Colleague: 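Take a look at the following structure, please.
Order of listing sets the numbers, starting from 1, for every ligand and every atom in it. These figures come from a predicted structure and were not determined experimentally.
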Amino acid sequence: MDMQAIVDQVYSELTPRIGEGKVADYIPELAKVPPNQLGIAVATVSGELYVAGDAATPFSIQSISKVFMLTLALGKVGEGIWKRVGREPSGSAFNSIVQLEHESGIPRNPFINAGAIAVADVVLAGHQPKEAIGELLRFIRYVADDETISIDNTVAKSETATGYRNFALANFMRAFGNLDHPVEQVLGVYFHQCALSMTCQQLARAGLYLANRGVNPLTGHSVVSPKRARRINALMLTCGHYDGSGDFAYHVGLPGKSGVGGGIMAIAPGDAAIAVWSPGLNKVGNSALGSAALELIAQKTGWSVFGS
Ligand SMILES: NC(=O)CC[C@H](N)C(=O)O
């Protein structure tokens, strides 16, 4: 079956389930997003793009931004980042605070909130918060090869007003000496990165460097080394879905990163980058239908990092 037929079939198989899950409501602006949407985009390393459903509708990428910020931070400080954040799955919720105290302010991995806040602190070094946000925006436009990508300031404001847990996490880390900048500044960067607004099409293209040994095949831009691309994929596989990472690996078998906006970016190394979006979330905060769509795509294409 050709790729467009696969994407169409996955979309139509899931159509009866559209609306499943629960839209995130702890960020008031996200609670307003209509739940009955499903977008699928597959960008192949050979340069094709296959889409179905609401693949051209922008949504809040939220925690998917953590992959791009980690890429930036690794570019800045290299492996030194691992003094500030671990590389182990957390087995607890994305916004959990318990582990952080036990482990003296060193977050388990760069994809839980605490870890991403530490990464934002690294990217902020030598910058004003506005410049760091500008650097991320330039980077995402560069990897996606799309100058129209922007940040939804209403979402960033909404989260700033209600992000009590993230303030708690950041204050905790600052107390342990694991944040170099004032909490307000670091979270300013973090909330804006989470508020990046992108479509499935843009996100699939943006992820291509991770599917193609660090090089964006559409532009020829070398973003990271092959080794670094593999390592980022390894972290996405083990930590990209919080305490649902094992289940995602079991069902989908590909590195992936989810966000509470309902998006998931998945990487089929050597083949494609995939972005799916549906706002309803499962119990651990990952898109319910997005996960189902990726499972079907993986099944139908045979893509898996665990063997064919
Ligand atoms: N899992 C997520 O997407 C969480 C991101 C969200 N901005 C938060 O910090 O709570």
Colleague: Check each atom of ligand 1 against the heavy atoms of G259 and keep those under 4.0 Å away; list them by number with element.
Modeller: 3 (O)
Colleague: Describe, in one word, how the ring planes of Y242 and F94 are oriented to each other, choosing from parallel (under 30°), tilted (30 to 60°) and perpendicular (over 60°).
Modeller: tilted
Colleague: Numbering the atoms of ligand 1 from 1, which are under 4.0 Å from a heavy atom of N166?
Modeller: 8 (C), 9 (O), 10 (O)
Colleague: Give a yes-or-no answer on whether the side chains of Y190 and N113 include a donor-acceptor pair shorter than 3.5 Å.
Modeller: yes
Colleague: So between K66, K257, E159, whose heavy atom ends up nearest atom 8 (C) of ligand 1?
Modeller: E159
Colleague: Tell me, do I106 and K83 make a side-chain contact under 4.5 Å, heavy atoms counted?
Modeller: no
Colleague: Please write down residue, atom name and distance for the protein heavy atom closest to atom 7 (N) of ligand 1.
Modeller: Q62 OE1, 2.5 Å
Colleague: Parallel, tilted or perpendicular: which describes the rings of F68 and Y209, with under 30° parallel and over 60° perpendicular?
Modeller: tilted
Colleague: Flag the pair M69 / V189 as yes when at least one side-chain heavy-atom distance between them is below 4.5 Å, and no otherwise.
Modeller: yes
Colleague: List the closest protein heavy-atom neighbour of atom 3 (O) of ligand 1: residue, atom name, distance to the nearest 0.1 Å.
Modeller: S63 OG, 2.6 Å
Colleague: Under 4.0 Å from a heavy atom of Y190: which atoms of ligand 1 are those, numbered in the order shown and with their elements?
Modeller: 5 (C), 6 (C), 7 (N), 8 (C), 9 (O)
Colleague: If the plane angle is over 60° it's perpendicular, under 30° parallel, otherwise tilted; pick one for H241 and F248.
Modeller: parallel
Colleague: Consider every N or O of V260 and every N or O of ligand 1, then say whether any pair is closer than 3.5 Å.
Modeller: yes
Colleague: For ligand 1, which atoms have a heavy atom of Y242 less than 4.0 angstrom away?
Modeller: 1 (N), 2 (C)
Colleague: Walk me through whether E103 and E88 qualify under side-chain contact (heavy atoms from CB on, under 4.5 Å).
Modeller: CA-CA 12 Å; E103 295 173 4; E88 296 297 341; over 6 Å; no
Colleague: With heavy-atom distances below 4.0 Å as the criterion, list the atoms of ligand 1 near C194.
Modeller: 7 (N)
Colleague: Checking contacts here: is it the side chain or the backbone of N95 that comes within 4.0 Å of ligand 1, counting heavy atoms only? Could be both or neither.
Modeller: neither
Colleague: Please tell me whether S60 and Q62 have a donor and an acceptor in their side chains that are separated by less than 3.5 angstrom.
Modeller: yes
Colleague: Under a 4.0 angstrom heavy-atom cut-off, which atoms of ligand 1 come close to N113?
Modeller: 4 (C), 8 (C), 9 (O), 10 (O)
Colleague: Report yes if Y26 has an N/O atom closer than 3.5 Å to an N/O atom of ligand 1; otherwise report no.
Modeller: yes
